[in-house]
Amino acid sequence: MDINTIITGLYITGIGIAIVFSVLSILVILVYVLKQTIYKPAEKTGKKEIGKTKIRVEEKPAETRKPRRETDPKLVALLSAAITAFNEYKASTLKKYGVFKDFPELARLLPLAGVLFKSKIKVSFGGKDIIVDVEELPNNMYKVGVGGKTYIVNYSIQQ
Amino acid sequence: MDINTIITGLYITGIGIAIVFSVLSILVILVYVLKQTIYKPAEKTGKKEIGKTKIRVEEKPAETRKPRRETDPKLVALLSAAITAFNEYKASTLKKYGVFKDFPELARLLPLAGVLFKSKIKVSFGGKDIIVDVEELPNNMYKVGVGGKTYIVNYSIQQ
Amino acid sequence: MDINTIITGLYITGIGIAIVFSVLSILVILVYVLKQTIYKPAEKTGKKEIGKTKIRVEEKPAETRKPRRETDPKLVALLSAAITAFNEYKASTLKKYGVFKDFPELARLLPLAGVLFKSKIKVSFGGKDIIVDVEELPNNMYKVGVGGKTYIVNYSIQQ
Amino acid sequence: MVFEGLMHITLGNIVMICVGLILVYLAIKHEYEPLILLPIGITAVLVNLPLTGLTEPPYGFLYLVKHYLIDTEVVPLLIFFGLGAMTDFGPMIADPKSLLLGAAAQIGVFVALLTALLLGFNLKEAASIGIIGGADGPTTIYLTVKLAPHLLAATAVAAYSYMSLVPLIQPPIIKALTTREERRIRMKQLRPISKKEKILFPIVSMITVGLLVPSAAPLIGMIMIGNLFRESGVVERLSKAAREELMNIVTIFLGLGVGSTMRAETFLTYKTLLVLGLGVVAFAAATAGGVLFAKLMNLFSKEKINPMIGASGVSAVPMSARVVQRLAIEEDPENHLLMNAMGPNVAGVIGTAVVAGVFLSMLGG
Amino acid sequence: MVFEGLMHITLGNIVMICVGLILVYLAIKHEYEPLILLPIGITAVLVNLPLTGLTEPPYGFLYLVKHYLIDTEVVPLLIFFGLGAMTDFGPMIADPKSLLLGAAAQIGVFVALLTALLLGFNLKEAASIGIIGGADGPTTIYLTVKLAPHLLAATAVAAYSYMSLVPLIQPPIIKALTTREERRIRMKQLRPISKKEKILFPIVSMITVGLLVPSAAPLIGMIMIGNLFRESGVVERLSKAAREELMNIVTIFLGLGVGSTMRAETFLTYKTLLVLGLGVVAFAAATAGGVLFAKLMNLFSKEKINPMIGASGVSAVPMSARVVQRLAIEEDPENHLLMNAMGPNVAGVIGTAVVAGVFLSMLGG
Amino acid sequence: MVFEGLMHITLGNIVMICVGLILVYLAIKHEYEPLILLPIGITAVLVNLPLTGLTEPPYGFLYLVKHYLIDTEVVPLLIFFGLGAMTDFGPMIADPKSLLLGAAAQIGVFVALLTALLLGFNLKEAASIGIIGGADGPTTIYLTVKLAPHLLAATAVAAYSYMSLVPLIQPPIIKALTTREERRIRMKQLRPISKKEKILFPIVSMITVGLLVPSAAPLIGMIMIGNLFRESGVVERLSKAAREELMNIVTIFLGLGVGSTMRAETFLTYKTLLVLGLGVVAFAAATAGGVLFAKLMNLFSKEKINPMIGASGVSAVPMSARVVQRLAIEEDPENHLLMNAMGPNVAGVIGTAVVAGVFLSMLGG
Ligand code: NA
Ligand code: NA
Ligand code: NA
């Protein structure tokens with residue numbers, strides 16, 4: 001143990017603490033600047049959303065609640081039906097124009113792909129016709145819009 | 001800028017264009033040869049299929065059609081039932097002969113595996129008995145044959 | 001071909017066979033030791049289970065059996081409902097305390113995570129209330145306990 | 001010691017940081033080839049911070065990436081391997097004459113090469129600049145590393161940027177060179193391809209091109225091995241690894257490695273600006289070459305092709321095929337040319353690799 | 001020739017085999033950082049079997065791993081890259097003063113450094129030991145490889161072990177330094193963060209830290225590039241590769257490489273024991289530093305913060321945030337501090353990287 | 001310059017291209033070990049095209065793969081690591097005497113070694129040829145790289161080809177050496193194995209084999225570390241990476257690296273033909289050794305074993321176990337021996353690694 005080493009150690013400690021606090025303080029300032037320049041509009045909607053959430057949480061005591069109507073098994077069936085119809089439409093379109101089944105993979109994997117399909121589909125369900133928006137995503141995923149809500153569905157039964 | 005360089009550039013251009021066209025032309029010929037030697041039989045069925053497709057496409061205007069009967073939610077239920085029965089049969093067979101649950105993974109991952117199961121399963125569904133062919137594929141996938149059609153099902157509810 | 005080489009070869013063969021048999025024999029002994037020191041208690045339950053299995057296998061002739069009642073499509077619906085309710089409970093809790101949706105991923109990926117949720121959920125199903133245990137696992141998997149049985153469910157419809 | 005970075009920053013560094021940020025912006029906001037341009041851009045920002053040692057031999061991290069993975073051509077070849085495992089040559093096999101359109105688009109390479117020579121670049125530099133017109137990122141990187149490594153960042157950025165700009169660059173050229181009647185030509189649907197043909201094609205083309213242009217063999221060999229993995233159907237594990245795990249990892253290192261060459265000292269020269277300008281010339285000439293050659297073919301063949309698909313000889317898979325599809329539908333909503341355009345599109349990849357091979361054999365490796 | 005191993009085994013080897021087995025036991029039975037400690041432990045067993053040649057140059061397998069992947073810093077930097085792709089800086093951006101708590105916890109590093117100097121370690125060793133208090137495994141490895149490679153196994157094992165022990169080390173210290181009233185302070189919920197802020201943060205902080213502390217640029221650069229991949233939303237393939245495929249592979253090599261340095265000859269010294277002891281000092285001092293600084297901040301600010309979240313300035317993401325959450329609920333079941341504690345938690349990662357950069361610039365790289 | 005390839009092609013090249021194509025054909029059409037033989041075959045085609053420079057130092061791509069990944073043993077060891085993460089030693093732990101059957105099958109290695117010596121190979125070559133009888137591809141490659149690198153392609157191709165041919169090679173030998181009564185012997189079901197046993201087995205066997213045969217430690221160490229990852233249950237991320245991401249990538253490089261050694265100059269010798277012939281001898285002798293030793297064991301033990309499971313001591317996991325299962329069912333449809341045969345099957349992997357270690361320690365590494 002050498003007194004010079006200790007002194008150097010104290011010096012490094014002083015410098016080190018000074019630098020880490022000053023660098024992170026600068027980051028504090030920059031984050032505030034970011035917030036001021038960017039965040040303004042988002043802030044308002046954000047606060048609103050928190051308020052709404054609180055109300056919803058209070059009206060339904062946790063751990064003892066029923067499943068919501070919109071997401072019951074019927075919805076699963078409706079989504080399945082919509083995707084099936086969508087895939088049939090897609091398959092017929094692709095075949096009509098000689099597009100091979102391999103194409104979507106190719107398109108998805110190469111940079112900037114985008115030959116994924118998107119369509120409005122009319123589904124007969126429970127006696128009435130429902131208009132559903134279906135959009136393909138990679139990996140057997142589908143974005144399904146129905147009744148103002150959007151579901152991401154992983155649907156992997158292929159014929 | 002040097003005139004000799006430009007001349008070399010023109011020379012390279014000439015050679016380059018000549019080579020790229022001749023090499024790709026040779027490939028054109030080889031692809032034709034491939035087609036002549038290999039494709040003959042396939043060609044006929046291919047043409048037929050295109051014809052058939054066209055008809056199907058025309059009879060169903062895109063974007064406003066109902067889901068096909070065979071792929072409605074009932075099918076999902078039938079497939080689930082079949083795979084459940086198949087898995088029960090498989091589990092009992094494996095246990096009977098002391099085959100541990102790890103085995104399929106081992107078999108699948110090492111080269112030339114093949115200890116995946118395959119079986120005919122009788123399913124009671126909607127009041128009548130249906131015979132279904134079920135074959136395991138890797139990754140919780142199953143090939144299910146029912147009523148002359150084959151479905152690839154990703155079924156991942158495990159008990 | 002050199003007679004000395006052959007002699008060395010025979011020598012290596014002798015040594016080699018001796019070593020491979022002695023090393024693997026030592027492993028035999030060690031595996032027996034492992035079994036004696038560790039396995040005793042497990043052995044009994046193991047034997048019982050094999051017996052039970054045999055009986056079950058005999059009462060149900062393979063390849064021609066019906067799907068079990070408990071795993072029919074209704075179960076799929078029940079599981080869906082339970083997970084939906086669970087996710088709603090989770091989302092409301094997370095929102096209430098300002099936990100962002102990214103958090104579970106962060107927690108799961110860094111070492112020693114463990115901020116996955118677990119809860120008892122009451123589901124109204126088929127006219128009666130069922131208490132279900134739901135526990136999150138990584139990758140959209142859920143462990144669902146209902147009626148004394150546990151199911152691992154891959155549920156990927158996200159709202 | 002610390003805070004020194006601030007004192008050593010040069011105007012060049014600041015310019016390059018802005019250039020990097022612009023690439024990041026374009027990648028995120030407009031999705032211009034984000035898989036490449038985002039890593040390149042942010043790495044360009046990082047390496048222009050002074051005194052970090054990241055690009056310094058022998059142990060700077062980005063030096064290691066550049067030296068061991070890019071300079072050895074490991075990364076571009078593995079990307080070609082992965083592209084092979086992704087590519088469906090079916091549309092090209094179904095319509096073999098699309099190979100000729102893929103050859104024709106290479107004219108753009110030579111136009112740009114000659115223009116570069118006129119602007120004072122030497123032969124090796126001009127070849128590396130010309131190849132941008134092939135619109136194949138990995139081929140451009142492969143050739144530039146061998147012929148003109150000091151231009152690597154410029155040619156790579158040009159190649160990938162203009163690939164994103166294909167939807168802007170090509171339509172006016174296509175429209176200027178074709179009549180409305182030509183753009184309305186319908187083409188017959190492609191025949192289905194048997195599995196045997198798909199398996200034999202990569203083997204046959206690897207042997208053929210390898211024998212005729214040996215210096216193109218690494219590029220063609222790797223893409224065709226990848227494609228054989230894909231089409232064989234028996235090594236799905238490897239095919240998936242080639243196009244996913246390995247591809248993703250290698251793409252990360254490509255971005256880091258190329259980005260690390262964008263230091264102010266080497267990048268901020270008038271040559272870089274010329275390269276970027278010549279890149280547009282190359283893309284435009286390639287487009288024109290493909291379209292005009294298609295029109296030439298129509299003079300001699302009974303069954304007319306829609307000359308727009310010649311523009312897809314510019315690889316940029318599958319962007320230029322989609323451009324053609326879009327233009328076709330504009331004129332006639334029932335005229336789907338997507339698959340017909342995919343043939344020249346993938347043929348262009350082979351064509352550019354052949355041209356790269358020719359350059360390597362004529363200009364020394 | 002064979003059976004020789006038995007004759008060459010030393011008492012040291014036997015001790016180290018037991019040490020390795022203890023790590024394996026803790027990893028499997030108590031899940032102490034199993035992703036790192038299991039590979040390290042079992043590799044320690046393997047390299048203490050005599051005459052295997054596994055760690056011998058030029059071709060021993062573990063020598064290759066150590067020499068090419070650890071000594072070059074490739075592995076720690078790629079792990080930082082992956083951590084960036086996993087980390088959500090949102091809670092820190094929402095509450096910027098948490099950055100100061102992340103800085104305060106670095107006090108532990110300096111306390112341990114000074115203690116190590118008093119115990120006779122030299123400056124470079126003391127810095128490597130001190131950095132354990134930052135509770136960031138990769139940063140510890142990065143710095144030790146550069147400053148005191150002979151201590152690598154000791155500091156790495158200490159860093160990862162104590163990270164697992166955070167739930168045991170921190171609570172008594174936190175309780176000793178806070179009153180019940182302080183522990184019951186409720187904090188307001190964090191505001192939501194916009195995507196733009198999340199994208200700009202890694203860019204801004206990379207440039208800022210890189211300019212101010214260039215030697216921290218490799219660490220900060222890689223974590224921020226990874227984070228930009230994550231937040232940009234346009235390169236999900238690469239982001240996933242960074243945090244999964246590449247991360248998993250690199251973690252395997254980290255364990256093998258670090259474990260291979262745990263040979264009896266180099267590991268079994270009194271220094272190792274001191275390092276392990278100093279590691280506890282470092283963690284404890286860091287915890288205290290964070291808590292006390294939070295109390296100090298309360299003296300000057302109107303809106304009181306719960307001083308317990310200062311303890312989360314010790315990174316060990318997300319363990320120390322969970323410790324705080326648990327302690328808060330003990331006092332008041334409705335007081336959820338998890339997200340408030342995540343801010344200092346991720347800030348601590350940046351703070352430790354800055355300190356490592358300072359050490360590198362002052363003590364030579 | 002171009003078209004030169006055609007002029008430089010030799011008859012040997014053409015023969016080798018055909019050999020490569022035959023491997024590709026067998027891999028695709030008959031699924032003979034496609035994961036290895038397809039990459040090897042197509043790479044053999046590629047490297048026999050003249051003047052491509054792919055295998056030339058210092059920067060030929062396949063040279064890099066061979067030099068840095070195969071010659072360093074990195075690839076075979078990582079494959080062993082992945083195999084460990086895939087292998088279930090349960091059946092062997094449940095029935096420990098299966099280890100002896102795994103030892104007995106190694107007799108084939110020595111029969112082939114002695115035959116090779118009689119045919120004029122030197123000791124190192126003979127050992128590399130003999131190990132083919134172990135039916136473990138990575139072990140064969142590991143040993144050949146160290147003892148007789150010029151035979152690498154021949155032994156690797158032989159090992160993997162005959163592994164695919166196990167269903168053809170083994171049945172006649174098994175039938176010739178057993179009576180119908182013996183083949184109908186039923187064996188009792190295996191007991192279940194506790195998790196603790198599965199965790200302790202890789203640790204115990206690594207230490208035991210490592211101490212007794214240090215030169216086998218790299219192979220045994222890596223397979224057992226992989227297996228511990230698998231059985232520990234706490235590092236599923238790493239276990240998955242070992243057997244999937246890393247395994248797939250490494251398998252690609254194994255195929256490319258081994259295939260690149262199949263150039264006409266080195267492969268087309270009478271030695272290659274002899275190696276291929278001796279490989280059959282090795283497999284046949286290993287099968288016979290296992291079966292006969294099982295019959296010998298029956299002489300001394302009360303509880304008879306079905307001697308067919310001795311044939312599974314030839315690793316070729318799980319093919320030879322399936323061969324036994326099939327033969328057993330032929331004689332008695334209720335006699336399922338699959339799991340009983342898996343014990344010797346995985347024991348054979350350990351046995352062959354031990355033999356390789358013995359060879360390395362006696363013949364110099
Ligand atoms: Na091209
Ligand atoms: Na820290
Ligand atoms: Na073996």
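Every chain is numbered from 1 and lettered A, B, ... according to where its sequence line falls, protein lines coming before strand lines. Quick note: numbers below take in every heavy atom, side chains included, and nothing from hydrogens, waters or symmetry partners.
- Listed here is the closest heavy atom pair of F:E197 and C:L34: O-CD1, 4.2 Å.
- Of the options F:V355, F:I220, F:L212, F:V358, a side-chain contact (heavy atoms from CB on, under 4.5 Å) to C:V23 is made by F:L212 and by none of the others.
- Side-chain contact between C:T5 and F:N122 is absent, with no heavy atoms from C-beta onward closer than 4.5 Å.
- Considering only heavy-atom pairs separated by less than 4.5 Å from chain C, the leading option among F:T208, F:V111, F:I107 is F:T208.
- Annotation: the span from C:L27 atom CG to F:I350 atom CD1 amounts to 6.0 Å, rounded to 0.5 Å.
- Listed here is the closest heavy atom pair of F:F359 and C:I12: CE2-CG2, 3.7 Å.
- With a 4.5 Å cut-off on non-hydrogen atoms, C:L30 touches chain F through its side chain but not through its backbone.
- To the nearest 0.5 Å, atom CG of residue F:L200 and atom NZ of residue C:K35 are 15.5 Å apart.
- With rounding to the nearest 0.5 angstrom, the OG atom of F:S205 is 9.5 Å from the CG atom of C:L24.
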- [ ] I would like to know whether C:I15 and F:M362 meet side-chain contact (heavy atoms from CB on, under 4.5 Å); could you show each step before the answer?
- [x] CA-CA 10 Å; C:I15 297 282; F:M362 297 185 81; 3.8 Å; yes
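- Other residues, nucleotides and ligands place no more than 12 heavy atoms under 6.0 Å from the NZ atom of F:K196.
- Contact annotation for F:A127: neither backbone nor side-chain heavy atoms come within less than 4.5 Å of a heavy atom of chain C.
- Here the CG atom belonging to F:L118 is positioned 4.5 Å from the CD1 atom belonging to C:I6, to the nearest 0.5 angstrom.
- Looking at every heavy atom in both residues, F:L100 comes nearest to C:S25 through CD2-OG, 3.5 Å.
- Between the CD1 atom of F:I93 and the OH atom of C:Y32 there is a distance of 13.0 Å, given to the nearest 0.5 Å.
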Task: Audit row: F:L113, C:T13, side-chain contact (heavy atoms from CB on, under 4.5 Å) steps and yes/no - done: CA-CA 8 Å; F:L113 176 146; C:T13 298; 4.0 Å; yes
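- Atom CD1 of residue C:I26 and atom CG of residue F:L211 lie 10.0 Å apart, to the nearest 0.5 angstrom.
- Using a 4.5 Å cut-off between heavy atoms, C:I29 does not touch chain F at all.
- The two residues C:V31 and F:P96 make their nearest non-hydrogen contact at CG1-CG, 3.7 Å.
- For a residue to count as touching a neighbouring chain, one of its non-hydrogen atoms must lie under 4.5 Å from one of that chain's; by this rule F:F89 does not touch chain C.
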